[in-house]
There are 8 protein chains.
Amino acid sequence: MSAPSENTAPLVGIVMGSDSDWPTMEAAADALAEFGVPVEVDVVSAHRMPTEMIEYGRGAAARGLRVIIAGAGGAAHLPGMLASVTPLPVIGVPVPLRYLDGMDSLLSIVQMPAGVPVATVSIGGARNAGLLAARILASGAGDEAARLRGRMEEFQAELGRVAHAKGA
Amino acid sequence: MSAPSENTAPLVGIVMGSDSDWPTMEAAADALAEFGVPVEVDVVSAHRMPTEMIEYGRGAAARGLRVIIAGAGGAAHLPGMLASVTPLPVIGVPVPLRYLDGMDSLLSIVQMPAGVPVATVSIGGARNAGLLAARILASGAGDEAARLRGRMEEFQAELGRVAHAKGA
Amino acid sequence: MSAPSENTAPLVGIVMGSDSDWPTMEAAADALAEFGVPVEVDVVSAHRMPTEMIEYGRGAAARGLRVIIAGAGGAAHLPGMLASVTPLPVIGVPVPLRYLDGMDSLLSIVQMPAGVPVATVSIGGARNAGLLAARILASGAGDEAARLRGRMEEFQAELGRVAHAKGA
Amino acid sequence: MSAPSENTAPLVGIVMGSDSDWPTMEAAADALAEFGVPVEVDVVSAHRMPTEMIEYGRGAAARGLRVIIAGAGGAAHLPGMLASVTPLPVIGVPVPLRYLDGMDSLLSIVQMPAGVPVATVSIGGARNAGLLAARILASGAGDEAARLRGRMEEFQAELGRVAHAKGA
Amino acid sequence: MSAPSENTAPLVGIVMGSDSDWPTMEAAADALAEFGVPVEVDVVSAHRMPTEMIEYGRGAAARGLRVIIAGAGGAAHLPGMLASVTPLPVIGVPVPLRYLDGMDSLLSIVQMPAGVPVATVSIGGARNAGLLAARILASGAGDEAARLRGRMEEFQAELGRVAHAKGA
Amino acid sequence: MSAPSENTAPLVGIVMGSDSDWPTMEAAADALAEFGVPVEVDVVSAHRMPTEMIEYGRGAAARGLRVIIAGAGGAAHLPGMLASVTPLPVIGVPVPLRYLDGMDSLLSIVQMPAGVPVATVSIGGARNAGLLAARILASGAGDEAARLRGRMEEFQAELGRVAHAKGA
Amino acid sequence: MSAPSENTAPLVGIVMGSDSDWPTMEAAADALAEFGVPVEVDVVSAHRMPTEMIEYGRGAAARGLRVIIAGAGGAAHLPGMLASVTPLPVIGVPVPLRYLDGMDSLLSIVQMPAGVPVATVSIGGARNAGLLAARILASGAGDEAARLRGRMEEFQAELGRVAHAKGA
Amino acid sequence: MSAPSENTAPLVGIVMGSDSDWPTMEAAADALAEFGVPVEVDVVSAHRMPTEMIEYGRGAAARGLRVIIAGAGGAAHLPGMLASVTPLPVIGVPVPLRYLDGMDSLLSIVQMPAGVPVATVSIGGARNAGLLAARILASGAGDEAARLRGRMEEFQAELGRVAHAKGA
């Protein structure tokens, strides 16, 4: 899997349990590309490569990542496990599988025990995961955050203009 | 409702649709107090005071808030409506009501349309909402973020020590 | 989106969160056209154009609308938010999206808190939303209501005749 | 069961399948009493007295009723059956029974086929049923409707004041 | 809709709320034809022709029917309403509609209040409805019941033989 | 467990998977006692005494039983397994256990494969199971059936009178 | 149905309620073939051939089987009934049928009463059933178990390598 | 937490995410004590002590464990994560938490991806987890397995006797 935009040091890590999750997760990378946020994309399976998964989470902050987006389906353990080994905010995307319409994925991601939060978005909601990461990056101090705040306000105004045009 | 800790300018706004949500939402304020993050707490009903709710959201960033935590139950519209009028990250807490064990609250909060993300935590998971806000604040640039990162690492180490002690 | 029948001042406003809801919501307009009730149709997104949405609701009664029909899917906030800013009866249509068969839409619309009712119809039930609006208009005082009562009785008799013919 | 307020000809009929539904349904009568709307209250079981139920529905409009509120639980057939024999708007209240938290009641009421709408409110939401009836009565022509519109606007303003006071 | 087998007085009435239910319900008629049980088939909508529905139920026993099979979908009121006006056993078939996979139909049929039972079969399980009617007819006194008991035993043996052959 | 009424040869066998089901299942015996139908009551566990369970089912018709009522909870296999070894009509009662409100019991009983029907009643609906058995016995030929038909008509009239009195 | 690999005495019996379950269940046989574990495959319907089913379960251990894998859908009684007549570990595979996405199958298999366990895998998860059987065989004493332990470790390493390669 | 029976080298490891799971999980230890199987009991949280959790799983087989029983609630990741780092069979017990009756726990445990099976038992079904472990140990080669097979047969006979006695 090639990383969509890595010209500078990535700020957001987008990971998923299987490359079959990419058609769903791609929208997170696209959203962040619209905001000019460099990302890295990887397959990091909680169940098939647990050691690498733990290492990925543990090293994420030191590598310069500031947000992790993790998509997984079914007994979706990746977002929660990453959240347990990083101090970074972790955004979970419930990927719908063949049965149950993603309800299993949603509950497996959102129902985390006290102490280890996962910021869960809607079933299949990878675009919103990207936008949430942008909001998080925009909420901090510094120039890049200020740039992103401006960009987010433009984005929200544009959302309204497009919706308004449809209703005109 | 008195604000638990407002000695300095609040960084996190904790709002809820009704004061009956406070027993659930209090844990968010408590968690942020443990991290020394100043918060403001308010009742802002999407359905009973929509104008104030919109104003609250619109003014939040300018007032210095950097994260909003919103709890609501049933047809829980507060987190999503706030997310639509602020560029800040909004964390939604599904508050369980008398029937359905919070499943209606969860779906009403998490299933947001593309464009307007809400970072949803577990049913009744206000403590995790507070911790997620702390992670978000800790992920940015600047001294306060650095302080919070250190505090978060202590917190996570302590979580492990306590759990380990129980299993000893 | 063009309004299907606006030869006289509209009595019913049909709104939806996205033009992708129109294939579902069209049946509401068709039903009201059968009853000769003038309608207006618009896209008014709670999440992407909240200010216009609030304005739409606040001005609806003064503009002469007597019923609002609002369709939305997922975290469907439009019907409830409109109900919070208008004294008019608001009918909510749960629009089914790609996952969960509209169960999220239904719960997000129907589980409103005490004080702000939404008259909810079935998942995808826009035709019934139109018919319910007609019943509401027919239940009042005045000539138009009397005309609609007569029309509704014809309609119900016809329903029975068609069903009876199928069983003959 | 005594009718709470019948000093003038009732405009709203409140019916339920069993007197065990009264503790839930009473809130509909209370809400309408706050609005000065005369109501009649009756037990009319779809399953145990189907003939009287059909007669009740058929005669409702001629008796002067303008809205029917029907509460029922489990396989809740009363609202839908009444809607099939009256041109009046029928509001359905899903009454939660011992198991399933009212989900069976909700689906049995809301999932009506095209042609016969029921205006469904939340599980146990009888107060909102009363308020919805008031909105319907207020939306029509004539003096009583105008009075109710004024009263509804007061009510909504008061809702906001109370909520605001809690957040102060 | 033509009745599949009416050469003698029908013992089982197969009814459904809409002719769109026939592709599901046909299997009930087929099963009874295999057992040589004469049936009548009709569309009898609880919601669109309530008077005929009540008449159908009330007259069923006197007309010689001994079992009623009723299929319906969504807010499926037909089986329960028929059960309320006949002393005959009523078998309900939950017909799955476009959304919710028949779960609404199942709950609307099976969750009947004490006093009015409906013998519910699986979602879409019309063949089993026919077989259950045959078991009921076979359980009584008289020659026809004896013939059916023999036929049922053959049928069950055949079920086993076919299943066994597949596993051989 | 003592059999409630066995002065003559029992016509209905009431069985359950565990004696902890008796508080639920007792209502079936009570209903049949009201109709003067002799019953036998037994604990016959599909999972803990499968051989006896199969024997019970196989011998039921020859012993003179004409209907079997089987209650079970959770992975509720008793009704379906009995239905597979008897030609008699089998009525299944989903017994709610500690979790899931009987939804598991309901699905485990009602979703039988084609060929082996179980007449399922509501969750915890043992009284209706008894009444359904009475309807089945009443639908046949012979004097006892005629007596039961008369009794059932009285019962239904009484149901209406009681409900009517509550509404008076 | 032909048995995929029976060159030596089978250690695992794979059974299913209907040959229509084979497309789902085949993956269990394939997984065990990868591990060189001889299996037998058969259709053994709990509902259509209960006597053979009981015999199959009772004789399984004596025939040399050490694990049983049973797949079934809907009111899925086969795994639980087999578990009640064998001391062997029984693995249940919920087979999804046309409606409900296998949720009925899952609950009917997993919610077994205390005393009779079924080792349940995911909806449609036959491959995991095969792998679980391999783990069980590998956990014991003796040469074959040792061989399987080695093979399982290779398998797990390979899982990681394949997942890792996708993420490279 | 003290280990209930550790006089010899434990064969089964019973772990749980929190000591609040012990009232549920204790029944697994009790069942194995009845079979004379030595166990170890520990709190090993996937989320609060992930490194120890991984180490626990990785070392389990080498330490002599032959089965792992893991209980967890909500987003229950412990059983699946352990299964990813051990070749041993892992039995998962869905622990019901305050909301959702354990449905989230069940789906988080049972819906594992292909490659990493978890043998899931019923919600709160820790006793069956113990009995399943005993079956697994009994299915292998060697003297201890033979002893356990005999004990399991006694246990099953006793189950039947007790059930039979209740029905006598």
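For clarity, every value in this text was computed on a predicted model and none was experimentally measured. What you see below is based on every heavy atom in this structure, not just the backbone, and it leaves out hydrogens, waters and symmetry mates.
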So [Y] and [X], do their side chains get closer than 4.5 Å, heavy atoms only?
X      : Y      : result
D:D30  : D:E26  : yes
D:W22  : D:V43  : no
D:L137 : D:V12  : yes
D:M152 : D:R149 : no
B:I14  : B:M25  : yes

Specify the closest pair of heavy atoms between [X] and [Y], including all atoms of both residues, with the distance to one decimal.
X     : Y      : result
B:V39 : B:V41  : CG2-CG2, 4.2 Å
D:L32 : D:A133 : CD2-CB, 4.1 Å
D:V93 : D:A129 : CG2-CB, 3.5 Å

Using only non-hydrogen atoms and a strict under-4.5 angstrom cutoff, which residues of residues 47-86 of chain B touch chain D?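 Answer by number: B:R48, B:M49, B:E52.
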
For residues 98-123 of chain D, give me every residue with a non-hydrogen atom less than 4.5 Å from any non-hydrogen atom of chain B.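 Expected list: D:D101, D:M103, D:I123.
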
Is the shortest distance from a Lys or Arg side-chain nitrogen in D:R127 or D:E34 to a carboxylate oxygen in the other one below 4.0 Å?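 Here D:R127 pairs with D:E34 in a salt bridge, since their nearest N and O are under 4.0 Å apart.
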
